Amino acid sequence: MATRIIHLPKYSRLSCLVKPLTISARTFATATASTNPPQFTTLSVDDRTGIATLTLNRPPANALNALFMGEIQRSITDLEKENCRGLILTSSSQRIFSAGLDLKECYKADVASLEGLWCALQNLWRTLFSTPLITVALINGHAIAGGCMLAVSSEYRIMLPNFKIGVNETMVGLAVPSWLMDTYINIMPSRRIAEWDLTSSRIYSSESALKAGLVDELASSKEEALQKSAAFIDSFSKRTLMARAITKQQFRAEILRNFEQNRQHDLDIYLSTMQKPSMQEFLGEYLQSLDAKK
Ligand SMILES: CCCCCCC/C=C/C(=O)SCCNC(=O)CCNC(=O)[C@H](O)C(C)(C)COP(=O)(O)OP(=O)(O)OC[C@H]1O[C@@H](n2cnc3c(N)ncnc32)[C@H](O)[C@@H]1OP(=O)(O)O
């Protein structure tokens, strides 16, 4: 699908409202900046509605590596500049929305690659979480860990039935970073449940995720989910876009500030955990167990 960029009237330009965050040199060094055409995503924009659909397309599992995350991040930034109104994030797979971080790239990787991966995750999260665009995750498959992060960083979640969603971070031996904890708490009805979920690596079915408030709606097909996503974005009239974007920004500002203050520390924790021999040993076994399912 070709990328088409729409031009909305000047008053709907939202990107100018967002006070730029202080971006460290590291961000630029690791943002996988490239002029290459997208490899793992397709982006389409409906000229009539101003709604963009970004489709994740890195088979088989939409596992998040640095290049893929950089691509998603850049698409969001481009859409902001071009005055797009809303963004629907979905998957080309009929089974997997995203399986989270690419664990195959965490296994026996050198420090520079691990650092590139984690910084790309940080940068993608910051862009998605802080965007003034109205964001909907159309979860048409399993959404695990980093996949769940994409969903909970969005403002609204619509999921198809019979899939799994959740954060199994502690189970794989990684602590949930505080900024992602905050992101999860931000959408869950209770902090207590959020703590329970994240400490116990709880994985929900679509149906139980709806009951728990982790997702907002279920849809029986992707078509229905697309309609519901558009209806959510359309529920905000053009007149309210600026006010809502500023209000969203205010709600999320403290989480973003905490992240900026701790991002180096957060990276250090990830690097030291990943380089532990026991962690690498576990990863090798875990990857084998995924393969053994066949
Ligand atoms: C809000 C807080 C968020 C905190 C996030 C913190 C930072 C993020 C950390 C992470 O994301 S760590 C990654 C954790 N992810 C997992 O543990 C998922 C593991 N995968 C699965 O459980 C299952 O694959 C699935 C997603 C439930 C799908 O199951 P299904 O049976 O449909 O497919 P599979 O045959 O298992 O997998 C297909 C294919 O994909 C490969 N694969 C799966 N997951 C990953 C992965 N994370 N990284 C790399 N590759 C993955 C799997 O090996 C198969 O490959 P092939 O054998 O077909 O080549």
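Note that ligands are numbered from 1 as they come in the structure, with each ligand's atoms numbered from 1 the same way. Just so you know, these numbers come straight off a predicted model, no measurement behind them.
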Full working for side-chain hydrogen bond (donor to acceptor under 3.5 Å, both in side chains) between S113 and D110: CA-CA 5 Å; S113 307; D110 57 36; 2.6 Å; yes

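- Shortest contact from atom 45 (C) of ligand 1 to any protein heavy atom: A99 CB, 3.8 Å.
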Full working for side-chain hydrogen bond (donor to acceptor under 3.5 Å, both in side chains) between N57 and S92: CA-CA 5 Å; N57 184 25; S92 64; 2.9 Å; yes

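- Separation of atoms CH2 (W118) and CG (L101) is listed at 6.0 Å; rounding is to 0.5 Å.
- Under the 30°/60° scheme for interplanar angles, the aromatic rings of Y286 and F282 are found to lie parallel.
- Among all protein heavy atoms, the one lying closest to atom 42 (N) of ligand 1 is A61 CB, 3.8 Å.
- For the pair W125 and L256, the minimum side-chain heavy-atom distance is below 4.5 Å.
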With a 3.5 Å cut-off and sequence neighbours excluded, list the donor-acceptor pairs that the side chains of residues 155-166 form with protein atoms.
residue: E155; atom: OE1; partner: R244; partner atom: NH1; Å: 3.4
residue: E155; atom: OE1; partner: R244; partner atom: NH2; Å: 2.4
residue: E155; atom: OE2; partner: T135; partner atom: N; Å: 3.1
residue: E155; atom: OE2; partner: T135; partner atom: OG1; Å: 3.3
residue: E155; atom: OE2; partner: K248; partner atom: NZ; Å: 2.6
residue: Y156; atom: OH; partner: E217; partner atom: OE2; Å: 2.8
residue: R157; atom: NE; partner: L214; partner atom: O; Å: 3.1
residue: R157; atom: NH1; partner: A151; partner atom: O; Å: 2.8
residue: R157; atom: NH1; partner: S154; partner atom: O; Å: 2.8

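- Distances between N or O atoms of I144 and those of ligand 1 include no value under 3.5 Å.
- Using a 4.0 Å cutoff on heavy atoms, T183 does not count as a contact of ligand 1.
- When all heavy atoms of C84 and L133 are compared, the pair lying nearest together is O-CD2, 2.9 Å.
- For atom 39 (C) of ligand 1, the closest non-hydrogen atom of the protein is P60 CG, 3.4 Å.
- Residue contact check: A63 has heavy atoms under 4.0 Å from atoms 48 (N), 49 (C) of ligand 1.
- Nearest protein neighbour of atom 58 (O) of ligand 1, counting heavy atoms only, is K294 NZ, 3.0 Å.
- Protein heavy atom at the shortest distance from atom 1 (C) of ligand 1 is V152 CG2, 3.6 Å.
- Considering both main-chain and side-chain atoms, C148 never comes within under 3.5 Å of ligand 1 through any nitrogen or oxygen pair.
- Residue, atom and distance of the protein heavy atom nearest to atom 46 (C) of ligand 1 are L101 O, 3.7 Å.
- Only the side chain of N168 comes within 4.0 Å of ligand 1, counting heavy atoms alone; its backbone N, CA, C and O stay farther away.
- For atom 31 (O) of ligand 1, the closest non-hydrogen atom on the protein side is K293 NZ, 3.0 Å.
- Ring pair F129/W179: centre-to-centre distance not below 6.0 Å.
- Atom OG of S206 sits about 12.0 Å away from atom NZ of K211, to the nearest 0.5 Å.
- Ligand 1 has no N or O atom lying under 3.5 Å from any N or O atom of Y184, backbone or side chain.
- Within a 4.0 Å radius of atom 53 (O) of ligand 1, the protein contributes at least one heavy atom.
- Exactly one residue among L64, T127, L128, N123 makes a side-chain contact (heavy atoms from CB on, under 4.5 Å) with I72. That residue is L64.
- For the pair K104 and ligand 1, the shortest N or O to N or O distance falls below 3.5 Å.
- Close contacts between ligand 1 and G100 involve ligand atoms 11 (O) [criterion: under 4.0 Å to a heavy atom].
- Here the heavy atom of the protein found nearest to atom 32 (O) of ligand 1 is R95 NH1, 2.3 Å.
- Here Q275 contributes atom CD and C106 contributes atom SG; the two are 11.5 Å apart, rounded to the nearest 0.5 Å.
- The distance criterion of under 3.5 Å between nitrogen or oxygen atoms is not met by W118 with respect to ligand 1.
- Here's the thing with Y286: one of its N/O atoms is less than 3.5 angstrom from an N/O atom of ligand 1.
- The distance criterion of under 3.5 Å between nitrogen or oxygen atoms is met by L103 with respect to ligand 1.
- Counting non-hydrogen atoms of other residues, nucleotides and ligands closer than 6.0 Å to CZ of F251 gives a total of 12 or fewer.
- A salt bridge is absent between E195 and R191; no separation between the charged side-chain nitrogens and carboxylate oxygens falls under 4.0 Å.
- In summary, R58 and E105 engage in a salt bridge, as defined by a charged side-chain N under 4.0 Å from a carboxylate O.
- Using a 4.0 Å cut-off between heavy atoms, D102 contacts ligand 1 through both its backbone and its side chain.
- Interface of D291 with ligand 1, defined as ligand atoms under 4.0 Å from a residue heavy atom, comprises 53 (O), 57 (O).
- At a heavy-atom distance under 4.0 Å, no atom of M181 approaches ligand 1.
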